Amino acid sequence: QIPDCSLIFDPRCLRCEPSHPPARGAPVGGCTECEPGFFVNDDVRCERCSNVFPHCQLCGYIPTGPEDLVVLRCTHCDPMYILEPVAYGEDPSGRCVSDGVIELSSSVYHVHKNDVNLTIRVQRSAYAMEPSFARPVEVLLRTRDGSARSRSLEWGGETVNFEFTAGRVKLDINKSVELPDSPNWGSSAYAAAVGRRVQVEAIYNISIFDDVIFHPGLRFFDIDLYVPPEHLVGHQGPLMPFLSYNDYEPKTGYLPPLDFGRSPTYRQAAISTARVYIWDLEEASAPNTTCRGACMDWKMQSVVNAPRVVTITARTHQGEYSSSPRDVYLVKYKPTSAGNEDTIGFPVKARRDPLAPHLHYATFVPTTPGPYKLVIEKIIPGVYGEYWLNRNVMRKAPKSSPEVLRVDHRMDFRWEDREDAPVKARWWFNLHFKCIQTRKWPRNFAHAVAVHASPGTTVRLYFENQGLIEERQVPLSAKIAEVADLNRSACERFL
C-alpha cells in the first residue's frame with residue numbers, strides 16, 4: 001500500500017519512505033521528494049526554495065563544482081532573474097541575481113525647437129534586484145529618425161532637427177556602502193542604504209537644433225534603449241559548463257558601425273522606447289513675410305552713399321501679423337559688380353517698430369557703384385554647420401554634399417573618439433565683437449578667433465574670399481589647457 005505522503009509528512013510531499021529514520025521527533029520515515037519549488041530540509045519536510053535562495057523557483061541536491069559535490073543549490077530562477085555567472089572551475093553560488101528593471105523615465109517627451117538640449121533620464125529599479133549582489137550596468141541609448149530628421153543628405157538636404165545619438169549610459173554600484181544585515185524594504189535605514197549603494201538614475205542630453213522653418217505636421221523621433229552584448233548572458237536555468245560573461249562575449253567594448261541600421265545589436269528588441277515631439281513656436285514664417293522699399297536686387301548703377309530703406313512685415317504661417325521676440329532680421333548688402341564677386345557683404349540688423357511690433361526697418365548704404373544683391377534673413381543665435389561623416393571624404397576630394405546641416409547654438413564640441421568625430425566640418429557665421437567697441441579698444445582693433453583642439457589634431461582656418469588663412473598642427477605632447485580659462489571672453493580677460 002502506497003502511503004499518502006502529503007497527509008503523513010508534509011502537504012507538499014510527493015514521495016516518502018516509511019522506513020526513513022526519525023529526525024527530531026518526526027514520525028517514523030520521512031519525505032524524499034517534494035513538489036516543484038520545494039526541497040527536503042533537515043527535518044525531512046518540504047521547504048520552499050525561495051526561503052533559502054531568494055527569487056528561486058526550483059532547487060535541489062545536485063552535483064556541483066569541479067569535485068561534483070552533491071549540495072543544495074538553486075537550479076531555476078524567477079522571471080527577470082538569472083543564476084549568477086562565475087568563472088569556469090569555480091563553485092556556482094546558486095544565487096539569483098538581476099540588473100533590475102531599466103527603462104526610460106517617460107514614454108513621451110516634449111521639446112520646443114529652440115531648446116538647446118533634451119534631457120533624457122534612464123531609471124533603474126532597485127526593488128527588482130538583490131542590492132547586495134547587484135553589478136554595474138551599461139545600456140545603449142540610440143535615436144531613430146521619424147518625421148524629425150538627424151541626417152540631411154538622406155532627406156533631400158534639409159537642416160536637421162536633432163543630433164543622432166548612439167551612446168552608452170552607465171548605472172554604477174557604490175560597493176563601499178554596506179547594507180544592513182537584515183534586508184527589510186520597510187525599514188527606512190535599509191532603503192536609504194540601497195539608495196546610496198545603487199545608482200537608480202542617469203541623465204543623457206540630446207542636442208536639439210532650430211531650422212527657422214514652420215512645419216505644419218507633427219515632428220517626432222524615437223529613442224530606443226538596448227542592452228549591450230556583454231550583458232546578454234545568463235539564464236533562469238543552469239548553463240553547463242558554468243562560464244563567466246567574459247567567456248560568452250569579447251572583452252572589448254562595443255563600437256557601433258557607421259551604418260547603424262545594419263548593426264546586429266540594434267536588431268534585437270528594445271527594452272524601453274520613448275517618442276520625442278518637437279514643437280514649433282508662434283513666430284514669423286519666411287514664405288509669409290513681405291518686404292517693401294528697396295528690396296529688389298539692383299541691376300543698374302547705384303548712387304554711392306545714398307541711404308536706402310526697406311520695411312519688413314512679419315507674418316505667421318497663417319498670414320497673421322507676428323510680434324514674436326524671435327523675429328529678428330538681418331539685411332545684407334552685397335555688391336555684385338566686377339571685382340566684388342567674393343565680397344561677403346555688409347550686414348545690418350533691422351529695427352523693430354515699438355508701436356507696430358510686426359514691422360521692422362533697416363537702412364543700408366551702397367558703397368560701390370553698380371549692381372548689388374540684397375539678402376534678407378531671419379536670424380537666430382548660432383552658426384550654420386556642415387558636417388561630413390564618410391571616411392572617404394577629404395578636403396581635396398571632389399566636391400560632395402555634407403551628411404548633416406544644422407544650426408549649432410554653441411561651438412564647444414568635444415568628440416571623445418575618432419569614430420564619433422566628423423571627417424570634416426565647416427561653419428558659416430557673421431562675427432560680432434560688441435565688447436571691444438569701447439574707449440580702450442579702437443574700432444579698427446584686430447579681431448581674434450580661438451580654436452581649442454586636442455593633441456595630434458590639425459586645424460585649418462579658411463575665409464570665403466581669401467582661402468586658407470592659417471594652419472596649425474597641435475603636437476601629441478601638447479598639454480590640454482583648462483577649459484574654464486579658455487571659456488573666458490576677451491572682455492572678461494582684458495577690460
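What you see is a predicted model; the values in this text were computed from it and never measured. As a basis for the values below, the full set of heavy atoms in this structure was taken, side chains included, without hydrogen atoms, waters or symmetry mates.
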Test side-chain contact (heavy atoms from CB on, under 4.5 Å) applied to E320 - qualifying residues, sequence neighbours left out
T316, Q318
Going by the rule side-chain contact (heavy atoms from CB on, under 4.5 Å), which residues pair with L153 if we only count those two or more places apart in sequence or in a different chain?
S401, E403
Could you walk me through whether V310 and V331 pass the side chain to side chain contact (heavy atoms under 4.5 Å, CB included) check?
CA-CA 9 Å; V310 296; V331 178; 4.1 Å; yes
Got C291 and I376 here, is their nearest side-chain heavy-atom distance under 4.5 Å?
yes
Could you measure the distance from the CD1 atom of I173 to the OG atom of S132? Nearest 0.5 Å is fine.
10.5 Å
Polar side-chain atom of S147 near backbone of L218 as donor-acceptor pair, under 3.5 Å:
yes
For S188, all residues meeting side-chain hydrogen bond (donor to acceptor under 3.5 Å, both in side chains), sequence neighbours excluded:
none
Pair V139-V122, side chain to side chain contact (heavy atoms under 4.5 Å, CB included): steps then yes or no
CA-CA 9 Å; V139 291; V122 180; 4.2 Å; yes
Can you list everything that forms a ring-ring contact (aromatic ring centres under 6.0 Å, His included) with F214? Sequence neighbours excluded, please.
H317
Would I206 and T143 count as a side chain to side chain contact (heavy atoms under 4.5 Å, CB included) here? Give the steps.
CA-CA 9 Å; I206 299 177; T143 57; 3.8 Å; yes
So how far is it from C77 SG to E84 CD, rounded to the nearest 0.5 Å?
10.0 Å
Full working for ring-ring contact (aromatic ring centres under 6.0 Å, His included) between Y329 and Y361:
CA-CA 9 Å; Y329 294 94; Y361 304 100; over 10 Å; no
Classify the ring geometry between H110 and W279 as parallel (under 30°), tilted (30 to 60°) or perpendicular (over 60°).
parallel
Going by the rule side-chain contact (heavy atoms from CB on, under 4.5 Å), which residues pair with V328 if we only count those two or more places apart in sequence or in a different chain?
K349, I379
Test log, rule side chain to side chain contact (heavy atoms under 4.5 Å, CB included), inputs I223 and R144:
CA-CA 6 Å; I223 303 175; R144 179 160 39 92; over 6 Å; no
Y321: what forms a ring-ring contact (aromatic ring centres under 6.0 Å, His included) with it, not counting sequence neighbours?
H358
Judged by modelled atom types alone, do R308 and T363 share a side-chain donor-acceptor pair under 3.5 Å?
no
Under the rule for side-chain hydrogen bond (donor to acceptor under 3.5 Å, both in side chains), what residues qualify as partners of E163, not counting sequence neighbours?
S207
Does R151 count as lying over the ring of F164, i.e. NZ or CZ under 6.0 Å from the six-ring centre, within 45 degrees of the axis?
yes
Is the backbone of N117 close enough, under 3.5 Å, to the side chain of D115 for a donor and an acceptor to pair up by distance?
no
Test your reading of the model: is there a side-chain donor-acceptor pair from S272 to the backbone of L104, 3.5 Å cut-off?
yes
Taking all atoms of both residues into account, what is the closest heavy-atom pair of S152 and L405, and its distance?
OG-N, 2.8 Å
Salt bridge flag under 4.0 Å for residues R197 and D172
no
Run the salt-bridge test on E201 and R121 with the 4.0 Å N-O cut-off and return the result as yes or no.
yes
Does S322 reach the main-chain N or O of A284 with its side chain, forming a donor-acceptor pair under 3.5 Å?
yes
Under 3.5 Å: donor-acceptor pair, side chain of D353, backbone of H360:
no
Output all residues satisfying side-chain hydrogen bond (donor to acceptor under 3.5 Å, both in side chains) with R351, sequence neighbours left out; order by chain, then residue number.
none
Report yes or no: do D408 and Y387 form a side-chain donor-acceptor pair below 3.5 Å?
yes
N-O pairing of D280 and R219 below 4.0 Å:
yes
From R352 atom CZ to I312 atom CD1, the distance as rounded to the nearest 0.5 Å
11.0 Å
Give me each pair satisfying salt bridge (Lys or Arg N to Asp or Glu O under 4.0 Å) with a member in residues 355-376, each pair once, sequence neighbours excluded.
D297-K373
Residues forming a side-chain hydrogen bond (donor to acceptor under 3.5 Å, both in side chains) with N205, sequence neighbours excluded
T119
Go through the structure and list residues passing ring-ring contact (aromatic ring centres under 6.0 Å, His included) with Y109, not counting sequence neighbours.
none
Trace of the side-chain hydrogen bond (donor to acceptor under 3.5 Å, both in side chains) decision for S285 with R315
CA-CA 6 Å; S285 176; R315 289 186 173 88; over 6 Å; no
Could I get the full list of ring-ring contact (aromatic ring centres under 6.0 Å, His included) partners for F209, not counting sequence neighbours?
none
Could E386 and R406 be called an ion pair, given the rule that one side-chain N must be under 4.0 Å from one carboxylate O?
no
